[in-house]
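Each remark here refers to the structure printed beneath this line.
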Amino acid sequence: MPVRIYKPCRSAMQSGRGNMKRWLLVHIPDAKIYHDPLTGWTGSESMTEQVSLSFASREEAIAYASREGLDYVVEKDVRDTSQPKRKRYADNFLMRYR
């Protein structure tokens, strides 16, 4: 059963760096997804899609997947970890014409 190991991005509603250090292991869907015409919801036969495991490091997630015999794919961490440029409020009113 294939799994995906990645570092999730923060949502647009977060401005802090609280959940940026964890790695997630999620199962890649292998069952067909069906549409329920009565409620409009989608469903699946597989319960593993609802499970996600959190790890402190990438090596821990890889070790868990190897120990459990899971085929895993590790996604590269592509998030920007640079510090934001500090600006003063007064910079908004500087004359930029030359």
Of all heavy-atom pairs between L70 and V3, which one has the smallest distance, and what is that distance? CD1-CG1, 3.9 Å

Partners of Y64 by ring-ring contact (aromatic ring centres under 6.0 Å, His included), sequence neighbours excluded? F55

Identify whether W23 and V51 are in the same connected component of the hydrophobic contact network (ILVMFWY, side-chain heavy atoms under 4.5 Å). yes

Calculate, to the nearest 0.5 Å, the distance between atoms NZ and NZ belonging to K21 and K7 respectively. 9.0 Å

So how far is it from E60 CD to R22 CZ, rounded to the nearest 0.5 Å? 14.0 Å

Please identify each residue that fulfils side-chain hydrogen bond (donor to acceptor under 3.5 Å, both in side chains) with R67, with sequence neighbours left out. none

For A61 and L25 the tightest heavy-atom approach is O-CD1, 3.8 Å

Value rounded to 0.5 Å, distance of CZ in R4 from OG in S52: 11.0 Å

All side-chain hydrogen bond (donor to acceptor under 3.5 Å, both in side chains) counterparts of S57, not counting sequence neighbours: none

Taking atom CG of L53 and atom NE2 of H27, what is their separation to the nearest 0.5 Å? 6.5 Å

Indicate whether the side chain of S44 and that of S46 have a donor and an acceptor atom separated by less than 3.5 Å. no

Pair V26, Y6 - check side chain to side chain contact (heavy atoms under 4.5 Å, CB included), show working. CA-CA 9 Å; V26 296; Y6 68 101; 3.7 Å; yes

For the atom pair CD (E75) and CG (L24), what is the distance rounded to the nearest 0.5 Å? 10.5 Å

